[in-house]
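For reference, the structure is listed below as structure tokens.
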Amino acid sequence: MKTVFSLSDLRTARLSFKGTVGLVATMGYLHEGHLSLIRQAKMDCEHVIVTIFVNPTQFGPNEDLSNYPRDMEHDLSLISPLGVDMVWNPSPEIMYPPGYQTWVQVEAITRPLEGALRPGHFKGVATVVTKLFNATQPDKAYFGQKDAQQAAVIRQMTRDLNYPIEIVVCPTVRESDGLAMSSRNNYLEGADRKAATILFRALSAAKEIYEAGERNAEKLRGKMKEVLESEPRAQPQYVSCADYDTLEEMAVIKGKALLSMAVFFGQTRLIDNFVLG
Ligand code: AMP
């Protein structure tokens with residue numbers, strides 16, 4: 001496994017790959033969720049590139065960029081048994097050289113949910129993923145269902161910009177108590193860690209009434225809110241039952257739907273979702 005930092009080393013190594021290439025883009029501090037994407041890429045592709053880059057442009061001014069957890073050595077020790085060809089760990093100066101002024105902006109699908117509460121977040125995501133696609137030229141790129149809107153934005157952007165890249169969305173990997181794995185779970189202290197299972201429990205309760213035949217989206221949102229309210233440590237930011245493709249809130253569920261939520265525990269913001277139908 002090669003670890004490269006500069007763009008020229010990345011390009012030289014990339015040119016030596018003759019078969020299909022899979023890309024797994026991460027911000028590091030890896031866990032089983034990330035490793036599941038790498039394993040899927042390894043099954044599908046002849047070569048796998050993993051990128052580790054904490055992208056400053058997707059963090060808002062009051063978000064956790066400077067505190068975002070990092071442990072490159074541990075990340076490399078987790079990746080190395082998986083048969084990855086190359087890890088690219090560019091510096092912020094490589095990705096955003098002085099005087100940088102080019103951005104990728106995806107429109108309607110970035111407006112609701114996370115986009116409404118994190119202005120500029122998806123502009124940062126779309127821009128960095130474009131740059132990672134350009135640099136690594138993958139045939140397939142792997143993203144987690146955990147970040148459902150991000151996956152939808154990247155699918156849209158890939159189509160709109162005519163990238164010849166297949167976007168593969170992999171299932172959310174969870175802890176045994178249902179909490180979706182996230183580098184940010186590391187911030188949860190004591191009672192908040194236990195309380196954080198309320199996201200999974202709220203989503204499960206809504207799914208249960210959906211499976212019993214409920215199609216009124218407001219009833220599903222109400223059920224999720226009711227379960228979240230039972231946990232005093234949880235401060236919900238939004239609860240949504242939206243169309244899977246457009247991410248617009250629905251009145252009556254028809255076809256595929258996305259149940260999603262963002263919930264604060266103190267300063268820690270967690271997101272989770274289920275797909276219905
Ligand atoms: P991040 O390092 O948070 O930017 O995540 C890198 C990739 O891993 C993204 O495509 C995420 O959606 C995916 N990912 C993060 N957590 C999980 C999880 N629990 N299960 C599956 N994929 C995940």
Side-chain angles (χ1 to χ4, degrees), residues 22-44 48-60 63-65 67-72 74-76 78-79 82 84 87-90 92 95 113-115 118 121-133 136 138 140-158 165-188 193 196-197 199-200 203 247 258 260-263 268-275:
L23 169 67
V24 179
T26 80
M27 298 207 298
Y29 214 73
L30 304 182
H31 50 66
E32 267 306 312
H34 299 109
L35 303 185
S36 73
L37 306 186
I38 298 174
R39 288 194 194 98
Q40 187 62 51
K42 184 70 193 160
M43 280 194 274
D44 298 347
V48 175
I49 301 176
V50 175
T51 62
I52 299 181
F53 178 61
V54 181
N55 175 36
T57 67
Q58 70 188 68
F59 288 78
E63 294 182 359
D64 55 345
L65 173 62
N67 295 328
Y68 197 81
R70 296 160 210 242
D71 190 345
M72 190 64 184
H74 187 238
D75 287 348
L76 292 176
L78 292 175
I79 302 170
L82 302 182
V84 165
V87 176
W88 184 34
N89 176 217
M95 297 306 271
L113 305 175
E114 292 297 289
R118 303 183 66 190
H121 171 67
F122 287 118
K123 178 177 158 191
V125 168
T127 300
V128 80
V129 172
T130 298
K131 291 170 71 75
L132 295 172
F133 282 1
T136 61
K140 297 182 180 220
Y142 295 80
F143 295 91
Q145 179 58 36
K146 159 78 173 29
D147 298 284
Q149 190 173 15
Q150 171 172 283
V153 169
I154 290 164
R155 256 199 314 259
Q156 182 72 43
M157 180 192 93
T158 302
I165 300 172
E166 184 188 333
I167 304 302
V168 182
V169 180
C170 302
T172 301
V173 177
R174 299 179 180 279
E175 302 286 356
S176 56
D177 62 6
L179 178 66
M181 289 193 182
S182 164
S183 309
R184 289 190 169 100
N185 291 351
N186 188 49
Y187 301 141
L188 294 170
R193 168 62 189 84
T197 58
L199 282 82
F200 180 73
L203 290 163
L247 303 185
L258 182 74
S260 67
M261 57 180 61
V263 182
T268 305
R269 184 177 185 275
L270 301 181
I271 58 171
D272 201 353
N273 68 84
F274 276 10
V275 179

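Atoms within each ligand, like the ligands themselves, are counted from 1 in listed order.
Closest of all the heavy-atom pairs between Ala196 and Leu188 is CB-CD1, 3.8 Å. The heavy-atom pair separating Glu63 from Gln58 by the smallest distance is OE1-O, 3.9 Å. Residues Val125 and Asn55 approach most closely at N-ND2, 4.3 Å, considering heavy atoms. A pairwise comparison of heavy atoms in Ile271 and Ala262 identifies CG2-CB, 3.8 Å as the closest pair. Here the closest heavy-atom approach between residue Asp44 and residue Tyr142 is recorded as OD2-OH, 2.7 Å.
Each of the following atoms of ligand 1 lies closer than 4.0 Å to a heavy atom of Leu37: 7 (C), 8 (O), 10 (O), 13 (C). Contact atoms of ligand 1 toward His31: 15 (C), 16 (N), 17 (C) (distance under 4.0 Å to a heavy atom of the residue). If you number the atoms of ligand 1 from 1 as listed, the ones under 4.0 Å from a heavy atom of Pro171 come out as 20 (N), 21 (C). Atoms of ligand 1 found under 4.0 Å from any heavy atom of Met181, numbered from 1 in the order shown, are 16 (N), 17 (C), 18 (C), 19 (N). Shown in contact with Lys146 at under 4.0 Å from a heavy atom are these atoms of ligand 1, numbered in order with element: 16 (N), 17 (C), 18 (C). In the vicinity of Thr172, heavy-atom distances shorter than 4.0 Å reach the ligand 1 atoms 20 (N), 21 (C). Taking every non-hydrogen atom of Asp147 and a distance limit under 4.0 Å, the qualifying atoms of ligand 1 come out as 11 (C), 12 (O).
Considering backbone and side-chain N/O of Phe143, none are found under 3.5 Å from N/O of ligand 1. The shortest N/O to N/O separation between Gly144 and ligand 1 falls below 3.5 Å. The shortest N/O to N/O separation between Gln145 and ligand 1 does not fall below 3.5 Å. The N/O atoms of Tyr142, backbone and side chain alike, include none that comes under 3.5 Å of an N/O atom in ligand 1. Checked against a 3.5 angstrom limit, the closest N/O atoms of Met27 and ligand 1 fall inside it.
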ask   = Run the salt bridge (Lys or Arg N to Asp or Glu O under 4.0 Å) check on Arg269 and Asp64 step by step: do they pass?
value = CA-CA 10 Å; Arg269 184 177 185 275; Asp64 55 345; over 6 Å; no

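No hydrogens or angles considered: nothing links the side chains of Asn67 and Tyr187 as a donor-acceptor pair under 3.5 Å.
Residue contacts with ligand 1, taken as heavy atom pairs separated by less than 4.0 Å, do not involve Cys170 at all. Heavy atoms of Leu30 found under 4.0 angstrom from ligand 1: none, in either backbone or side chain. Under 4.0 angstrom from ligand 1, there are no non-hydrogen atoms of Glu32. Within the 4.0 Å heavy-atom criterion, the part of Ala25 lying near ligand 1 is the backbone and not the side chain.
Rounded to the nearest 0.5 Å, atoms CD (Gln149) and NE2 (His121) are 8.0 Å apart. In this structure, CG in Leu203 is found 5.0 Å from CG in Asp272, a value given to the nearest 0.5 Å. One distance of note links CE of Met72 with CG of Leu76; it measures 4.0 Å at 0.5 Å rounding. Taken to the nearest 0.5 Å, the CG atom of Leu35 stands 9.5 Å off from the OG1 atom of Thr26. One finds the NE2 atom of His74 at 8.0 Å from the OH atom of Tyr29 (value rounded to the nearest 0.5 Å).
For atom 9 (C) of ligand 1, the nearest non-hydrogen atom of the protein is Gln150 NE2, 3.8 Å. When only non-hydrogen protein atoms are considered, atom 20 (N) of ligand 1 lies nearest to Val173 N, 2.8 Å. Among protein heavy atoms, atom 5 (O) of ligand 1 sits closest to His34 NE2, 3.4 Å.
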